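A quick write-up on the structure given underneath.
Throughout, a chain's letter reflects where its sequence line sits, starting with A, and its residues are numbered from 1. Reckoned from all heavy atoms, side chains included, excluding hydrogens, waters and symmetry mates. As the structure is a computational prediction, the values presented were derived from the model and not from experiment.
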Amino acid sequence: MPELPEVETIRRYLDRTVFNRTIAGISGFAPTIDPEHLPPLSDRTITATSRHGKYLFVDLDSGSSLVLHFGMTGDLLLITGYDSDPPYTRAVVSFSDGSRLAFTDSRRFGRLRWIPDRKAFIVERRLGPDALTISRETFLTITAGSHQRVKMFLLDQHRIAGIGNIYADEILFQAGIRPLRSLHDLDPIRLSLLAAAIVYVLTTAVDRAADFDRYPANWLIPHRSPGERCPCCGEPVSRVMVAGRYAYFCPSCQK
DNA sequence: CTCCATGTTTAGAA
DNA sequence: CTTCTAAACATGGA
């Protein structure tokens with residue numbers, strides 16, 4: 001569950017549920033949590049949530065934060081005191097009212113850490129601007145001078161934060177740009193179109209709570225597999241390897 | 001058994 | 001320095 005729309009959907013879920021709850025304790029195992037570097041957090045209250053790219057921050061009344069990254073398969077589920085942990089639970093945040101937040105993650109690439117300052121964390125990780133609301137001006141600035149392939153750029157969290165393999169393909173499909181095109185041969189009009197496609201795809205996905213079944217019929221996402229056809233023109237989709245991942249695109253609609 | 005999977009980091013090659 | 005690839009991490013599903 002882990003690109004920007006999924007993380008934002010989880011953040012909103014937390015806002016509706018654990019806001020103002022008081023932590024009783026955190027349990028779990030490495031590498032999901034790092035018990036050595038987890039300070040005692042009992043009696044800390046959750047005061048706010050926020051997100052930058054694929055990182056979710058849970059602020060505490062002490063001024064510090066928990067930071068969560070969901071890797072490939074991470075998710076959160078709030079359960080009551082009587083429920084048993086869901087499958088693949090790797091860490092649990094317990095609250096004073098008996099409820100628990102289960103961090104599930106079959107592949108164990110996800111992480112839950114404590115940090116003293118979330119703004120410093122974003123700077124230290126050198127994350128690019130968040131993709132959800134990126135402006136045309138900012139996008140033109142960060143792309144200036146880059147000779148990267150456009151898909152590689154979109155996936156680089158240091159350039160722009162939040163886009164992963166699935167939504168990168170959708171953004172390029174909606175913008176009509178092939179994943180292997182180099183940024184330097186896209187003119188400013190094309191780049192502006194691309195910036196608009198980023199915001200359109202991500203906001204639409206967030207509006208639909210990252211539920212693939214609710215995505216528009218002309219989206220590529222349900223057709224990202226060999227043998228599928230383009231939802232717009234019916235041509236078979238193509239597949240190329242970019243940045244170590246498969247990129248799916250329509251050779252007719254994308255140039 | 002083989003291939004593939006919504007991610008990040010690191011080592012190394014041009 | 002920039003761009004890009006492959007491998008590693010760990011696990012499960014087809």
With a 4.0 Å heavy-atom cut-off, tell me which residues in [range] come close to DNA chain B, sorted by residue number.
range	answer
residues 112-124 of chain A	none
residues 205-221 of chain A	none
residues 150-175 of chain A	A/Gln157, A/Gly164, A/Asn165, A/Ile166

Original post:
Under 6.0 Å from the CZ atom of A/Phe212, do we count more than 12 heavy atoms belonging to anything else shown?
Top reply: yes
Sorted by chain and number, sequence neighbours left out, side chain to side chain contact (heavy atoms under 4.5 Å, CB included) with A/Thr47 holds for A/Asp59, A/Asp61
A/Pro40 meets the side chain to side chain contact (heavy atoms under 4.5 Å, CB included) criterion, sequence neighbours left out, with none
For residues 206-215 of chain A, the side chain to side chain donor-acceptor pair (under 3.5 Å) pairs (sequence neighbours left out) are A/Tyr167-A/Tyr215
Separation between the [atom1] atoms of [N] and [M], rounded to whole Å:
N	M	atom1	result
C/dC1	B/dT8	P	23 Å
C/dA6	B/dC4	P	13 Å
B/dT2	C/dA8	P	16 Å

Donor-acceptor pair, [X] side chain versus [Y] backbone, under 3.5 Å?
X	Y	answer
A/Ser182	A/His184	no
A/His52	A/Gly128	yes
A/Thr203	A/Val199	yes
A/Arg90	A/Asp105	yes
A/Tyr13	A/Leu78	yes
A/Gln157	A/Ile163	yes

Which nucleotide wins on minimum distance to the side chain of A/Tyr246, given the candidates B/dT8, C/dC4, B/dA5?
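That would be B/dA5.
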>> Side chain of A/Arg239, heavy atoms from C-beta onward: which of C/dT3, B/dC4, B/dT6 has the nearest atom to it?
In response: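 For A/Arg239, the side-chain atoms sit closest to B/dC4.
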Hits for salt bridge (Lys or Arg N to Asp or Glu O under 4.0 Å) against A/Arg159, two or more places apart or cross-chain, chain-then-number order -> A/Asp156
Can I get a per-line list of side-chain donor-acceptor pairs under 3.5 Å for residues 171-181 of chain A, giving both atom names and the distance, sequence neighbours left out?
from	atom 1	to	atom 2	distance (Å)
A/Gln174	NE2	A/Glu170	OE2	2.9
A/Arg178	NE	A/Gln254	O	2.7
A/Arg178	NH2	A/Pro251	O	2.8
A/Arg181	NE	A/Asp185	OD1	2.9
A/Arg181	NH1	A/Lys255	O	2.9
A/Arg181	NH2	A/Asp185	O	3.4
A/Arg181	NH2	A/Asp185	OD1	3.4

For DNA chain C, the expected dot-bracket line (Watson-Crick or G-U under 3.5 Å, [ ] crossing, | inter-strand) is .||||||||.||||
Requested in this report: Just say parallel, tilted or perpendicular for the rings of A/Tyr200 and A/Trp219, cut-offs at 30° and 60°.
Outcome: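 If you compare the ring of A/Tyr200 with that of A/Trp219, the planes turn out perpendicular.
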Between A/Glu3 and A/Tyr55, whichever has its closest DNA chain B nucleotide further toward 5' is A/Glu3
Check: Could A/Arg239 and A/Tyr246 be counted as a cation-pi pair, given that NZ or CZ must be under 6.0 Å from the ring centre and within 45° of the axis?
Finding: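 Yes, A/Arg239 lies over the aromatic ring of A/Tyr246.
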To the nearest angstrom, the CZ-C1' distance between A/Arg245 and B/dC4 comes to 11 Å
In 5'-to-3' order, the base (B), backbone-only (S) or no-contact (-) status of each nucleotide in nucleotides 6-14 of chain C, using a 4.0 angstrom heavy-atom cut-off, is ---BBBS--
Review point. Is there a side-chain polar atom (N or O) of A/Lys54 under 4.0 Å from OP1 or OP2 of B/dT6?
Key: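 No.
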message = So which atom in A/Pro86 and which in A/Thr104 form the shortest heavy-atom distance, rounded to 0.1 Å?
response =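 Closest pair (atom of A/Pro86, atom of A/Thr104, distance): CG-CG2, 3.6 Å.
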So salt bridge (Lys or Arg N to Asp or Glu O under 4.0 Å) across residues 69-83 of chain A, not counting sequence neighbours, yields none
Expected rows: protein N/O vs nucleotides 10-14 of chain B N/O, under 3.5 Å:
none

